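In this text the structure is predicted, and so the values were computed from the model without any measurement. Below, read A as the first sequence line, B as the second, and so on, with proteins coming before strands; counting in each chain starts at 1.
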Amino acid sequence: MNLRRVVVTGLGALTPIGNTVPEFWDGLSNGVSGAAPITRFDASLFKTQFACEVKNLNVEDFIDRKEARKMDPFTQYAMIAVDEAMKDSGLDLEKTNLHRAGVIWGSGIGGLKTFQDEVVDFANGDGTPRFNPFFIPKMIADISAGFLSIKYGFKGPNFVTVSACASGTNALIDAFNYIRLGKADIFISGGSEAAVTEAGIGGFNAMKALSQRNEDPKTASRPFDNDRDGFVLGEGAGALILEEYEHAKARGAKIYAELVGGGMTADAHHITAPHPEGEGAANVMKFALEDAGLTPEDIDYVNVHGTSTPLGDVSEVKAIQKVFGEHAYKLNISSTKSMTGHLLGAAGAIEAIASILSVKNGLVPPTINHFTDDENLDSKLNLTFNKAQKREVRAALSNTFGFGGHNCSIIFKKIDE
Amino acid sequence: MSEIAQKVKAIIVDKLGVEESEVTTEASFTNDLGADSLDTVELIMEFEKEFNISIPDDQAEQIGTVGQAISYLEANVK
């Protein structure tokens, strides 16, 4: 079967280290941390009192107040990031076959704040159910894709992937496959998350998943460091416009990179702990390479899932070594979560953008906050500690793994004209 | 304008995102003020909350304009 080629023609980012793609890349290149004390609610009784929040955002600059009120923040973030990506793509909706254009978005949780607020309101009442009619349509994760299709008139495939922290990558791989198979020509894809709420922080705290380095939030996300103590919750959105190659060429679109392959596996092991030998993680990278028709030697950069948890970081690096063998030593490996925190369902989307820009700009963003080596990690690996490194990146692979044992890998490559 | 009318208009301006000048007595929520079916349900809920009453569904269905809301509330709020 002849598969069509898929390229990236537009980017949008709303992140804890920058509210646009240029600001995001600037933060990544300079090793900026997005962590700070929580402002969304009073966290003084919580074990973790900091997060990577989106900053200086006035939603009404982007969305009419009446519309914004009907959206949970995770949908507002989606609309704002996609607004940037659509403008960036230069797509003329008048000249686009909207029946061949779709939206596949990703969100790990959906409208957590909406759910929390409505249920708390009910619990505080006398038992009379006074749920807001917008409660359900604001909360459900798929509503983000619904709002996007209404705004842009995209009438092709439309849904949201839910695979925890792999959701964003899952969405991109799904959109990639639909275009490859000829089912559509253009997708708005990516992911968004807004879980910095009492329920989000409290829930992840109960799992002992979050860093509790309250005295120094900026150094809390420290993937691969010996003293890492959990991830830092982030929020925001990443948006990508994926387009069939000939379609993009015909309209003279700017092409960032080619999406050449994706892999998806499950650990089938435990709801939250990674497989001890990193079996699912190794297989997913292997499958992504096979899907792309590439060998390990074709990859120059691996953007890891690397959340800064004690178990996850080690098993992922072991999986990389298993797949890449000797070539692992020639790779640049980095965790941009050291700067952005962990955006859950949006992580795969913003990390895809980081990978694409590393290919385009010839610069690998760093893993910041490295202080002490972890002896469980091979010291000969280049984990791109503390400072960005200039190098040609022919192709970059990005991993995301989610609670539930979901694994996704995706590969972006410099475009061969 | 009665206190009830003032509160009703303020709620409509806030929830429907319309200008105060548009909220005339004759204005229909759906035809003039851009409300959809969910907006209308939300308005009724806000009236219930603000005036601490319960509006039965069959009566809520009869409230389609600003004036009808004000009349209903003036007659039923104690």
Side-chain angles (χ1 to χ4, degrees), chain A residues 57-76 78-80 83 110-111 113-153 155 158 160, chain B residues 4 6-66 68-70 72-73 76-78:
Chain A
L57 177 69
N58 182 13
V59 171
E60 288 175 29
D61 290 348
F62 299 89
I63 311 167
D64 173 68
R65 192 182 69 91
K66 185 188 165 201
E67 282 293 297
R69 220 172 48 76
K70 297 178 185 174
M71 296 173 186
D72 184 88
F74 94 99
T75 299
Q76 296 174 348
M79 302 303 283
I80 294 167
D83 181 63
K113 178 158 173 31
T114 298
F115 185 81
Q116 179 189 302
D117 289 351
E118 286 288 325
V119 173
V120 165
D121 205 38
F122 173 68
N124 286 338
D126 62 2
T128 311
R130 291 188 196 279
F131 288 93
N132 188 290
F134 294 105
F135 169 31
I136 300 294
K138 257 173 97 168
M139 173 200 71
I140 50 181
D142 57 285
I143 205 71
S144 46
F147 268 112
L148 289 164
S149 71
I150 293 165
K151 179 169 177 188
Y152 297 103
K155 294 178 179 166
N158 186 286
V160 164
Chain B
I4 285 179
Q6 279 177 10
K7 283 183 178 167
V8 165
K9 288 188 177 181
I11 287 170
I12 294 169
V13 166
D14 177 49
K15 295 295 168 191
L16 300 184
V18 291
E19 294 298 325
E20 208 176 325
S21 59
E22 297 174 74
V23 189
T24 59
T25 310
E26 301 75 35
S28 152
F29 300 143
T30 50
N31 296 332
D32 302 316
L33 302 177
D36 62 20
S37 59
L38 294 180
D39 290 316
T40 312
V41 176
E42 191 185 31
L43 278 181
I44 298 294
M45 285 188 52
E46 287 302 315
F47 299 150
E48 290 183 324
K49 228 190 268 178
E50 177 68 36
F51 300 105
N52 198 25
I53 62 166
S54 175
I55 306 175
D57 283 355
D58 58 334
Q59 294 182 34
E61 281 162 20
Q62 307 301 316
I63 302 174
T65 67
V66 177
Q68 286 165 353
I70 294 170
Y72 179 86
L73 292 164
N76 291 281
V77 173
K78 286 164 195 111

Should the pair B/F47 and B/F51 be assigned to parallel (<30°), tilted (30 to 60°) or perpendicular (>60°) ring geometry? tilted

For [X] versus [Y], what's the shortest heavy-atom pair and its separation?
X: A/S144; Y: A/F74; answer: OG-CE1, 3.6 Å
X: A/P137; Y: A/I143; answer: O-CG1, 3.0 Å
X: A/E118; Y: A/R130; answer: OE1-O, 4.5 Å

A/F131 versus chain B, heavy atoms under 4.5 Å apart: side chain, backbone, both or neither?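 Only the backbone of A/F131 comes within 4.5 Å of chain B.
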
Q.
Is there a side-chain contact between B/F29 and B/I63 in this structure, where contact means two heavy atoms from C-beta onward sitting under 4.5 Å apart?
A. yes

Heavy-atom distance under 4.5 Å between the side chains of B/L43 and B/D39, does that happen here?
-> no

- Item | Heavy-atom contacts under 4.5 Å, residues 16-26 of chain B to chain A |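 Under the 4.5 Å heavy-atom cut-off, B/L16, B/G17 qualify.
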
